[in-house]
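Heads up: the structure comes next, in structure tokens.
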Number of protein chains: 2
Amino acid sequence: MESFTLSKIATNNGHGEDSPYFDGWKAYDNDPFHLDENPNGVIQMGLAENQLCLDLIEDWITRNPSASICTPEGVDKFKETANFQDYHGLPEFRNAIANFMGKVRGSTVKFDPARVVMAGGATGAAETIAFCLANSGDAFLIPTPYYPAFDRDFGWRTGVQLLPVHCYSSNKFKITRAALEAAYQEAQDANINVKGVLITNPSNPLGRILDGETLCSLVSFINEKNIHLVCDEIYAATVFDKPNFVSISEVIESNNTLVQHCNKNLIHVLYSLSKDMGLPGFRVGIIYSYNDAVVSCARKMSSYGLVSTQTQHLIASMLSDNEFIDKFIKESSRRLSRRYEVFTNGLGEVGIGCLKSNGGLFFWMDLRQLLKEPTVEAEMALWRVVINEVKLNISPGSSFHCSEPGWFRVCFANMDDATMNVALERIQSFCIRRFEAEKPAKRNIIGGRTLG
Amino acid sequence: MESFTLSKIATNNGHGEDSPYFDGWKAYDNDPFHLDENPNGVIQMGLAENQLCLDLIEDWITRNPSASICTPEGVDKFKETANFQDYHGLPEFRNAIANFMGKVRGSTVKFDPARVVMAGGATGAAETIAFCLANSGDAFLIPTPYYPAFDRDFGWRTGVQLLPVHCYSSNKFKITRAALEAAYQEAQDANINVKGVLITNPSNPLGRILDGETLCSLVSFINEKNIHLVCDEIYAATVFDKPNFVSISEVIESNNTLVQHCNKNLIHVLYSLSKDMGLPGFRVGIIYSYNDAVVSCARKMSSYGLVSTQTQHLIASMLSDNEFIDKFIKESSRRLSRRYEVFTNGLGEVGIGCLKSNGGLFFWMDLRQLLKEPTVEAEMALWRVVINEVKLNISPGSSFHCSEPGWFRVCFANMDDATMNVALERIQSFCIRRFEAEKPAKRNIIGGRTLG
């Protein structure tokens, strides 16, 4: 009734909460699984959350009481910390973040604390960089499939558009120069001003790192077009198998013959502690830009979403403890790898394959053979069965703007082992039933194929 | 060199950092006063920060170790807290905020936890409400003098304009219906769409509460025009003298005959713990709207600047302790009152008056008699002398869009007693020198007059 007096942004549905991606969350919220109390509830596999290593952090906190301003050992720092509101952030916080960013990238490059800018989580960081780089109506190219909430993060309040660069399973969703050029040309033809390319590395939802060659090709592309490259590297330390992660920083700082005359002013990195440290509640978002003007502008904008100094103070201590960090990253990889192997091998046993992952908190499951036909409608029909009957909230590829129906993102690190086993059993028995009932011929090709 | 590839917002100087208000901060940053180490440095009186009661909070924290997730007593809550990222916030946090908001308003009205929306400090809260209510190019009316950073908070990234409602010392800067109508008409004539009125209560920079009659008149005005009223009440508990604070909530919820048929959907409150609790580093901003659509939209937008769950958890405990809160508010008022009396009486002794304050962390000092002429240029000339020679960073009225030259905002709660004494001595001796040197006749009217 009153909505006519609100803004266009408030009423344009640009938040995107009415998508299957978020619908699945609501289905989970309405009937959440609990091992004892609600064993027939929906298991949440749509949330990329890392719960596997929080015990290591609890242990560290217990051993380091002076890291907190709320302990007898640390309370003498309370006043100065609670009162600190400089948008540069606590110097020790920026130092620790720069140190950690280097460490999780294998110490191949150094990060300058003066370029570390705070934001309200990765969500706030993405919006801030969009506000810095583009005007309303401008566009960023983004390879598909991509994280559904980027439309909100990058575009809701900025008016910036995301234009898909279509990638396909035939070459493991590789981002090719041809696809980039096609998307760029399409925008030109539509008279849309392209301001840059946005990538996630490791990829969400593919759960794989981008190879060095692809990164070099991307850098060449954006240099030639004189547009920006925004690299969301929030899963940089969440890599659990070879090949090793290569950051954009490494590519542009190495003497790589493939990347000549790179204009560093075009390169911007987004980071966060939500995934790599499993601390989404702490809202530590980071913008690291090689462009001085962007650093300066983003820092001014950070006033809208600074990190609590209580949290800055704790993080500063924790991420300065190199011994702990080394152990944490190693152990986190080990646990993620084990979880991934158990789950994907279990799927393979019933004939379900997936794109081979080595990073992130999810994998990209191939249910194309279960579709009645290769359409988005058939994918959504299958998704509704999975959520309503199998009681698993996995996310359909179409909500990631995937160009091929039949792929689903499955998150595997936001639950304990027992819940994971229930989830695996559910999907295994569902697939077996489906194969037996609908397509007996398919049983001949048992054994899930892993792509990649 | 590269700025042409950035956005208009990044390059439009809308942040407003190049104003005297922020210049004064830089002067302080370059030469900060320290009682022992830099006794001739600049004393910061431009920062509305409450350092007077943090010892009470330290004491509470020491006595309540389980309120923190980083103590042996509280660490068992670490996992669930660090992982919690729902934009509704921790239920206990919203309950505690609603309880506290009621308490600091004398428990005359109740606040509904379901309407409590988080934001990244008051800065983030102001921007969020602007994004919800107005389109780029739309305007809000705002009585002068007003908080300089509102132009940034409300307008930098939203494109929303603030249009002044001119108020004058002749009636103690009262917001009159005539002034509101004049500002509204001026906007109409310029074809600008007015979406609402923005007020601070207690007023920043005046340091006074708005009386009930003025609030009723404002409510009538916005109802008649069918526009919004945004009430920034971040100093609601920072009231240290009679008359008592009256919130907009009290006005619209009471059976006040002056306010009939109030459309509550037009009323929105901004709140924060930065001033009332002295915790600016914790970035606890709150939007409390009586409009369901705004609550829903603002909550979605809160994803860009959620409060750290580490901080939510601590605040939830602290603000649920009614005994502590009662004692804190009372003691805070007592200390602020004392500080205010000492400072303004000291100024009165040398013939400097001020607008009578009863709230906020500052007062509005009248240096009109020291201006060479009643112009903004003369005010700025005097301000430069004060900052460069007297070494006090007070803020000139022109940076608050004051319609009369010669007024200055003086913050008095962001320093210890010893520093305050140095500041008082400096300004006293400066005024005495000025009166003696320039206008001997003025000595006849010694004794600062307090207006109000």
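Lettering of chains follows the sequences in order, A, B, ..., and the numbering in each one begins at 1.
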For A:Glu49, is it the side chain, the backbone, both or neither that has a heavy atom under 4.5 Å from a heavy atom of chain B?
-> side chain
A:His228 vs A:His268 aromatic rings, parallel, tilted or perpendicular, using cut-offs 30° and 60°?
-> tilted
Chain A heavy atoms under 4.5 Å from B:Thr311: which part of the residue, side chain, backbone, both or neither?
-> both
Of all heavy-atom pairs between A:Ser274 and A:Arg283, which one has the smallest distance, and what is that distance?
-> OG-NH1, 4.3 Å
Of the listed residues (A:Ala119, A:Pro280, A:Gly120), which shares the most heavy-atom pairs with chain B below a 4.5 Å separation?
-> A:Pro280
Report the option among A:Leu54, A:Val307, A:Asn50, A:Asp76 that has the most heavy-atom pairs separated by less than 4.5 Å from atoms of chain B.
-> A:Leu54
Report the option among A:Gly74, A:Gly305, A:Cys297 that has the most heavy-atom pairs separated by less than 4.5 Å from atoms of chain B.
-> A:Cys297
Report yes or no: does A:Asp138 contribute a side-chain atom to a donor-acceptor pair with the main-chain N or O of A:Asn135 at less than 3.5 Å?
-> yes
Go through the steps for B:Phe154 and B:Phe140 under the test ring-ring contact (aromatic ring centres under 6.0 Å, His included), then give the verdict.
-> CA-CA 9 Å; B:Phe154 238 71; B:Phe140 270 70; 5.2 Å; yes
Any donor-acceptor pair under 3.5 Å linking the side chain of B:Asn193 with the backbone of B:Ala139?
-> no
Assign the ring pair B:Trp156 / B:His15 to parallel, tilted or perpendicular, where the plane angle (0 to 90°) is split at 30° and 60°.
-> perpendicular
Residue part contacting chain A, namely of B:Met301, when any heavy atom lies under 4.5 Å | both
Side chain / backbone / both / neither for A:Phe131 at chain B, heavy atoms under 4.5 Å | both
List the steps, then state whether side chain to side chain contact (heavy atoms under 4.5 Å, CB included) holds for B:Leu306 with A:Thr123.
-> CA-CA 10 Å; B:Leu306 297 169; A:Thr123 300; over 6 Å; no
Under 4.5 Å heavy-atom distance to chain B, tell me which part of A:Leu314 shows up: side chain, backbone, both or neither.
-> side chain
Check against salt bridge (charged side-chain N to carboxylate O under 4.0 Å, His left out), B:Asp55 and B:Arg335 | CA-CA 12 Å; B:Asp55 59 310; B:Arg335 294 185 189 181; 2.9 Å; yes
Could you have a look at B:Gly285, B:Pro65, B:Gly281 and say which one has the most heavy-atom pairs with chain A under 4.5 angstrom?
-> B:Gly281
Ranked by heavy-atom pairs below 4.5 Å to chain A, first place among B:Asn83, B:Ile69, B:Thr71 goes to B:Asn83
What part of B:Phe282 gets closer than 4.5 Å to chain A, counting heavy atoms only: side chain, backbone, both or neither?
-> both
Can you tell which part of B:Leu90 gets under 4.5 Å to a heavy atom of chain A, answering side chain, backbone, both or neither?
-> neither
Would you check if the side chain of B:Lys195 reaches a backbone N or O of B:Leu133 as a donor-acceptor pair within less than 3.5 Å?
-> yes
Hey, which of A:Asp153, A:Leu47, A:Thr62 has the most heavy atom pairs under 4.5 Å with chain B?
-> A:Asp153
So what's closer than 4.5 Å to chain A heavy atoms on B:Thr158: side chain, backbone, both or neither?
-> neither
Among A:Ala10, A:Cys132, A:Gly124, A:Ser68, who wins on heavy-atom pairs under 4.5 Å with chain B?
-> A:Cys132
Just say parallel, tilted or perpendicular for the rings of B:Phe324 and B:Phe328, cut-offs at 30° and 60°.
-> tilted
Could you check which of A:Glu73, A:Glu58, A:Met277, A:Gln51 has the highest count of heavy-atom pairs closer than 4.5 Å to chain B?
-> A:Glu58
